[in-house]
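Working notes, beginning with the structure itself.
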Amino acid sequence: MKVYEIGDTTNGLAIHKVERPVPKPGHGQVLYKLRATGLNARDLTLIMGRGPQPGPKNRIPLMDNAGEVAEVGPGVTRVKPGDRVVMTHYWQWLDGKWDNAMREQDFAGTMDGFLAEYALVPADPLVKIPDSMSFEDASTLQSAGLTAWNAVVEAGHAKASDTVLTLGTGGVSVFGLQWAKMMGARVIITSSSDAKLERMKALGADMTVNYRTTPNWSQAVLDMTGGRGADIVLNTVGIQEMEQCLTACASGARVMFIGANPVTPDRKASAPTALTRFPNLIMKDLTIKGIVVGSRRMFEDLVKAMTANKIKPVIDRVYNFDQVREALAYMESGEKIGKIVIKVQ
Ligand SMILES: NC(=O)c1ccc[n+]([C@@H]2O[C@H](COP(=O)([O-])OP(=O)(O)OC[C@H]3O[C@@H](n4cnc5c(N)ncnc54)[C@H](OP(=O)(O)O)[C@@H]3O)[C@@H](O)[C@H]2O)c1
């Protein structure tokens, strides 16, 4: 079978076609006949050697995929030859919560990807697609489509009263627009190009901002929403846009941090990636959430819980009302644990 492999990326783009034997599916495995694949920002990073490490040599790139089950190994009952299917790239994540350990099994990351005529894959994570969906359409879904789905629908809980802001017109962002419109939300989308923004309007974008001609685009988002901001923000770019994403937020907004690789429109400048600087933010599925003290209901719950559980606060020292200076000096000394109290009378 013909496959592409990543070469030595020390000097940039390195990819070549080679022949490999068609593999035989073992227990629980499927021989997957690829019908379509596609590009994501991460693939470029790997194939061009722009990531923190050189591209993985001899690895088959590309995580997007759609195709057919060609042959099943012993014990496979979920799918049968001829089934039309797609596959996630962190294939161990079948349901429930993400676990960072699952990143070790990553098609096109730690394992061969799908720029190949065939691939050997586990049967369990395969997802059947209907006859009405073309392989080309299906092959766009597994990274950009699913990521945007998670951000807008699953984690974002988008609803019709929400305003969703999404950055750029790349794969993830455009799916973000589509899922948000599907949920009935209002969508603001940014781009470096007015022509692209026209396309986004045709897709249903309610408001658009050109981030090149309006570098302070977060203010434009506030202006468009009567000063309120967006309820869900898809940061598909990276940490470099985080400040403006936060500025553009409405009260209680959810910021979905997605951008992990450099995605400058010219794709030449290779800034340090957000993933390099904050590796756990994405790979441990963390959430950034603001806290503004707490409500009366929370306070009532707290008092009930302390009473029921006989919890006492940790008080380091108690000063008299005329010992305020001493209290401050002790505070400043940094020696205290827990609280310093001043008795008033
Ligand atoms: N966390 C995850 O699970 C996950 C999953 C998939 C992808 N990702 C990451 O998400 C990012 C986007 O992926 P993608 O596949 O959608 O990339 P893509 O299709 O290559 O899209 C790149 C787009 O980003 C836009 N862009 C670049 N700089 C921008 C800026 N400063 N402000 C606003 N938009 C800007 C440009 O839009 P215009 O041309 O309209 O200006 C460009 O077309 C990548 O970092 C990728 O690695 C993460």
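Note that ligands are numbered from 1 as they come in the structure, with each ligand's atoms numbered from 1 the same way. Positions are given from 1, in the same order as the sequence printed here.
The Thr236 neighbourhood of ligand 1 comprises atoms 10 (O), 11 (C), 12 (C), with distances under 4.0 Å to a heavy atom of that residue. Residue contact check: Ser191 has heavy atoms under 4.0 Å from atoms 38 (P), 40 (O), 41 (O) of ligand 1. Taking every heavy atom of Ala41 and a limit of under 4.0 angstrom, the matching atoms of ligand 1 come to 13 (O), 15 (O), 17 (O), 44 (C), 46 (C), 47 (O). Close contacts of ligand 1 with Ser192, meaning ligand atoms under 4.0 Å from a residue heavy atom, involve 38 (P), 39 (O), 40 (O), 41 (O). Near Gly170, with a cut-off below 4.0 Å to any heavy atom, the atoms of ligand 1 are 16 (O), 18 (P), 19 (O), 21 (O), 23 (C). Here is the list of ligand 1 atoms found below 4.0 Å of a heavy atom in Gly168: 25 (C), 33 (C), 34 (N), 37 (O), 40 (O). Residue Ser143 has at least one heavy-atom neighbour below 4.0 Å for each of these atoms of ligand 1: 6 (C).
No hydrogens or angles considered: a donor-acceptor pair under 3.5 Å links the side chains of Trp217 and Glu241.
Using a 4.5 Å cut-off between side-chain heavy atoms of Ile, Leu, Val, Met, Phe, Trp and Tyr, with links allowed through other members, Tyr118 and Leu62 fall into the same hydrophobic cluster. When hydrophobic clusters are built by joining Ile, Leu, Val, Met, Phe, Trp and Tyr residues whose side-chain heavy atoms come closer than 4.5 Å, directly or via intermediates, Val85 is grouped together with Trp91.
Between the side chain of Thr287 and the backbone N or O of Lys289 there is no donor-acceptor pair closer than 3.5 Å. In terms of modelled atom types and a separation under 3.5 Å, the side chain of Thr225 and the main chain of Leu222 share a donor-acceptor contact.
Only the side chain of Glu241 comes within contact range of ligand 1, with a heavy atom under 4.0 Å; no backbone atom does.
In terms of polar-atom proximity, defined here as any N/O pair under 3.5 Å, Lys196 does make such a contact with ligand 1. Residue Val237 has no nitrogen or oxygen atom sitting less than 3.5 Å from a nitrogen or oxygen atom of ligand 1, judged on distance alone. At least one N or O atom of Thr169, backbone or side chain, sits closer than 3.5 Å to an N or O atom of ligand 1.
Compare Tyr211, Tyr90, Phe257, Trp217 by their heavy atoms: the one nearest to atom 41 (O) of ligand 1 is in Tyr211. With distances taken over non-hydrogen atoms, the option nearest atom 14 (P) of ligand 1 out of Val209, Ile282, Val172 is Val172.
Here the rule is salt bridge (charged side-chain N to carboxylate O under 4.0 Å, His left out) with Glu68, and of Arg35, Lys128, Lys80, Arg84 only Arg35 fits it.
Taking 4.0 Å as the cut-off, Ser193 does not count as a neighbour of ligand 1 on heavy-atom distance. Distances shorter than 4.0 angstrom do not occur between any heavy atom of Ala144 and any atom of ligand 1.
With rounding to the nearest 0.5 angstrom, the CZ atom of Arg42 is 10.0 Å from the CG atom of Asp64. In this structure, CE on Met111 lies 12.0 Å from NE2 on His89, to the nearest 0.5 angstrom.
By the 4.0 Å N-to-carboxylate-O rule, Asp194 lies too far from Lys201 to be salt-bridged with it.
Taking the centre and axis of the six-membered ring of Tyr330, the NZ or CZ atom of Arg317 falls inside the cone set by 45° and 6.0 Å.
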